[in-house]
Amino acid sequence: MNPQALEKKWQKKWEEARLFESEPREDQDKYFVNSPYPYMNGYLHLGHAFTYLRADMVSRYQRMKNKNVLFPFAFHCTGTPIVAAAQRVKEGEKGQINALKQMGLSKTLIKTFSKPEEWTKHFPDKAIEDLKKFGTSIDWRRSFITTSLNPPYDGFIRWQFNKLLAGEYLIKGTFPVVWCPKRETVVGDHDRLSGEGETPQEYTLLKFKGEDHFLIAATLRPETVFGQTNLWVDGDGTYTKAKVGNETWVMSQKMPFKLKLQGHKVKELGKIQGRDLIGQKYMAPQIGNEIIVLPSKFCDASIGSGIVTSVPSDSPDDYQGLVDLQNSSSDCEKWGLDYELVTSVQPIAILDSGEMGTLPAPKLCKELGIKNQTQRKKLEQAKQDLYMHSFNHGIMLDSTEYVAGKPVEEAREIVKDKLIEEGKAVIYYELTGPVESRWLADCVVKIVDNQWFLEYSSEEWTKTTEKALETMELYPFKARSQFEYVLQWLKNWACVREKGLGTKLPWDDNWVIESLSDSTIYMAYYTVAHYLKDLNEKQLKESLFDAIFGDGNTKLAAEESGVKQAEIIRWRNEFNYWYPYDLRVSGKDLIQNHLSFSLYNHTAMFGEDKWPRGFAVNGWVLVEGEKMSKSKGNFFTLKELTSKYGADVVRFTLCNAGEGLDDPNWEISFAETAGKKLKNWLSFVKKNKGKGRTTTHPIDTWFREIMASIAHQANAASERLKFRTSTRLLFFELPQYFKWYIQRADEPHVEILKEYISIVNRGIAPIVPHTAEEAWSLSGEEDFILNQPFPEGHKPDLNLITGEDLVKQTLEDTRAILSIAGIDNPEEIVFIVAPEWKWNAVHTAGELADSRGQVKLAQLISGVMPTIPSESKKLGADFLKKWVLKDIPSLGPDWQSKYAQQVDEAEILSASVDFFTSIFNCKITVVNADQAKSSMASKTNQSSPLRPAIFVS
RNA sequence: GCGGGGGUCGCAUAGUCUGGCCAAUUGCGCCGGACUCAAAAUCCGGUCCUUAGUGGUACGUGGGUUCGAAUCCCUCCCCCCGCACCA
């Protein structure tokens, strides 16, 4: 049977048995695991598969630990990408249509994709199909899509936001967005021809008072106003004079338009030439001096405000501009400037940038050998370096008055706020780089009024959320510091948008709730999703949600919604049974947004008993060590992989790709060979059903103990979601031991063979469920393997293992010696076990050992020597010396326990003579050192407890 | 720059928290052998150097702590992820 057929068979059986349709059961502990729903603008890929596999393995593992498990799944459709993509299809854009074609969609289907709803129908269905074929243990009855396309969910989100508003978790503010002036719309990343990732950046607009107007200059470094020496304009450029509010401003020609979008009242008055400004003097903000306007080449009337305030101490551009002008009296003459006056302008030190000094810009320019202001590349680099350096290391000098001694980072905010308060500056936004919209227009920044924010920066709310985090179980432990950091750093989140799919803000139809904000507590919705599914919009009253998810009155809810009160109570009970969720499995990229948001919203919406119990985070899947991407050609959808390799191979190899926070690395070569391994296991199980001897063999006990020990370790690993470790132990390591067992015992014992098969089957069931089910049934067992207990084992009894370790060690040593000696066909091999007195010596050493296992040599020698036969006294001293100085350190602490019980080495090795003979095909002799032939004396002396001397000939 | 995670024997991974059973796990690859007319599959053995075994070197670099360091501390170098309004 090919893997797909086998998998289909078991998937059908699971479905028929309704194995994953979870219902509350009061007599059983529950376990609720979930994972963030995927965004539905494409098929599920290997990256999704990894996270969902982890959730599925937990789900299956917990079922085997006798938990009543709920694992639901849903689909995210909120936001702009689907709408934007649909719009592109509608406009017939080639790139978008090709992308869909590449996914294997038919032409007719693609046509329908001009409607966003079609996306939300097609992809969820396909995702369900893919995940079913992947063998996930999901309760599909509870699935849903988000947005207003699903009225019950829509109602749930409206209910949530009403509660958030009432609880004062929402605040209003303004917010800068990227704006297309042509289309008059917000421009997200997917609406851009170029400039992806560019965002609005805050500048401080400084106002320089002149006789009847202000010059306007934008700066990113308001704290440097203390060092202003002059202004720069583009002498060849043209500027605009405009009335802004009650003042008259001079600025670049494009700026009035931008100012309007940023909430200013602007009326253009006329033009003014840059050259007319040169030589004029203006009152500089903060320093209260008049400074002169000078011409520069780097200053461009079309960028920003077109006017720059000059701080030569800390800006390489400004410094170089000044030097250039001071080096050229002819230029000064050309612009009608007083050369004397120009040369008198000098940089003013305002902040200490550590090793860069208090006048870093002049220093840098000289060091870099910058000749003039047209060396843009060097100057740009110098500016970047200096900007970061000063920001991180700079301390304001005494001359800066109220910010003296403060780090630049703090001073910047203080100075900015003060200037704004005094009316000497305003906030202004520019983009971090040029952005061109799909509608072929250059984008600008617009300030949105009335923007709603979730107030994640609220101290009180954060405190409660931190408390919630404290009680949570995090996988891996390492993730905690990351979460702690995020919670204290998280800022307010703009939670509504002007466009895109989603739920409308209940109290303002013009806003749609944003996609990271409508997905914070929906795990609660899973508990009753299958009941709410059929309700109509009129029934979806606030009171109903209050009654199910809170302490709302069920009678009132029944009256308002028309749902029977008993039903509502049942739903509430189901919510209370499953909630809170025990584990949410996600990629690590969601720590800083989604998972943290989810935690915040839980503390806002629910009581402490409903706060999340666990987060598990994992890395991003790499393929052959490289990031998966369509352009690299290493992009795999879940669907193509399961149909190529089968679900279990994909699960097995993904599980083996990694665990913890590291990026898991999926290897194709392993996927190619893993199928064979699974198949081999099946044939092994089939072939060995009921086989084995009924007589006992000394080695049986050893293997039983090994099985228990491996199972014990695997169970502990699985408990911490380390399923790779678990699989390695059970599927790779245990079989190694089994091989050894077979080598030693020829035929396994019937009960032990059965136990071995059972342990491996149950152990790998969470990872490769189809193979495990098949093997379970092949081995003659009844029922689903999923209903069996996961093997737990126990810690091994070392005494039962030591003897076999001796045989193993001896075999390895013998092999090593033979190969080094170059003997292919030995005639005789003699194992010379340590004499009694060496054992005694070791025991005595064990008794004398301190807590670290250390032994004082002198003390040991004096204690042991009397017990050593006189003929061996010299050897004895040598042995003790070596034992204490060499062996004990390498054996490690607690070395004594290994030797505590003296095993009869001669007997153990003698019992294994047949075994050794079968391997080396020669005479095997075991002797005690006391009886060894004198011809072997030099070897004999090497013997020590558990490490016999070996003589080959 | 800030925050987080890393750098291990061809490749990939375990080990690091809790220092010594660590020349170091496991998979892939490679080499040799068995089986076979042959191949595939499977099985056995090997895969740092040296050596009739318990010796040397080695876990990014350079120091330190310790009887003892892949593991703890410090320096430096390098790689990955995030720094948001985007799902």
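The structure displayed is predicted, hence computed values, not measured ones. Note on naming: letters A, B, ... go to the chains in the order of the sequence lines (proteins, then strands), and numbering restarts at 1 for each one.
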Should B/G1 form a Watson-Crick or G-U wobble pair with both distances under 3.5 Å, which nucleotide is its partner?
B/C83

Whom does B/G45 pair with, Watson-Crick or G-U wobble, provided both distances fall under 3.5 Å?
B/C31

Integer-rounded Å distance: [N] [atom2] and [X] [atom1]:
| X | N | atom1 | atom2 | value |
| --- | --- | --- | --- | --- |
| A/W489 | B/G1 | CH2 | P | 19 Å |
| A/I832 | B/U54 | CD1 | P | 16 Å |
| A/Q736 | B/G27 | CD | C1' | 11 Å |
| A/R947 | B/G55 | CZ | C1' | 13 Å |
| A/I817 | B/A52 | CD1 | C1' | 6 Å |
| A/F732 | B/A14 | CZ | P | 14 Å |
| A/L730 | B/A14 | CG | P | 18 Å |
| A/Q488 | B/G3 | CD | P | 10 Å |

Using the [atom1] atom as the reference point in each nucleotide, state the distance between [N] and [M] in Å, no decimals.
| N | M | atom1 | value |
| --- | --- | --- | --- |
| B/U61 | B/A70 | C1' | 15 Å |
| B/G10 | B/G82 | C1' | 33 Å |
| B/C28 | B/C44 | P | 13 Å |
| B/C74 | B/U65 | P | 15 Å |
| B/C21 | B/A69 | C1' | 16 Å |
| B/A39 | B/U57 | P | 44 Å |

If the condition is side-chain hydrogen bond (donor to acceptor under 3.5 Å, both in side chains), which residues does [X] pass it with, not counting sequence neighbours?
| X | answer |
| --- | --- |
| A/S437 | none |
| A/Y37 | A/Y153 |
| A/W666 | A/T653 |
| A/E804 | A/W740, A/R744 |

Stepwise ring pair (Phe, Tyr, Trp, His ring centres under 6.0 Å) check, A/Y43 with A/F123
CA-CA 6 Å; A/Y43 294 123; A/F123 286 117; 5.1 Å; yes

Could you list, one pair per line, each protein nitrogen or oxygen that sits under 3.5 Å from a nitrogen or oxygen of nucleotides 43-51 of chain B, together with the distance?
unit_1	atom_1	unit_2	atom_2	d
B/C44	OP2	A/K739	NZ	3.2

Under 4.0 Å, heavy atoms only, any strand: does A/V177 hit a base, just the sugar-phosphate, or nothing?
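No contact at all - A/V177 keeps every heavy atom at 4.0 Å or more from the nucleic acid.
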
A/R724 side chain N/O closer than 4.0 Å to the phosphate oxygens (OP1, OP2) of B/A14?
yes

On the nucleotide B/A41, are OP1 or OP2 found under 4.0 Å from the side-chain N or O atoms that A/K676 carries?
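Checking A/K676 against B/A41: at least one side-chain N or O falls below 4.0 Å of OP1 or OP2.
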
Position toward the 5' end of RNA chain B (nearest nucleotide), A/Q482 or A/C77
A/Q482

More than 12 heavy atoms of other residues, nucleotides or ligands under 6.0 Å from OH of A/Y737: yes or no?
no

Has A/K499 got more than 12 heavy atoms of other residues, nucleotides or ligands less than 6.0 Å from its NZ?
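Correct, the count exceeds 12.
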
So, do A/L595 and A/F483 sit near enough that their side-chain heavy atoms are less than 4.5 Å apart?
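When only atoms from C-beta onward are counted, A/F483 and A/L595 do touch, with a gap below 4.5 Å.
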
Verify the distance criterion only: is there a donor paired with an acceptor across the side chains of A/S596 and A/Q592 at less than 3.5 Å?
no

Counting heavy atoms from C-beta on, name the nucleotide in B/G82, B/G27, B/A84 closest to the side chain of A/Q592.
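Shortest atom-to-atom distance from the side chain points to B/G82.
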
Contact list (N/O, under 3.5 angstrom) for nucleotides 28-34 of chain B vs protein:
unit_1	atom_1	unit_2	atom_2	d
B/C28	OP1	A/K677	NZ	2.9
B/C28	O2'	A/S669	OG	3.4

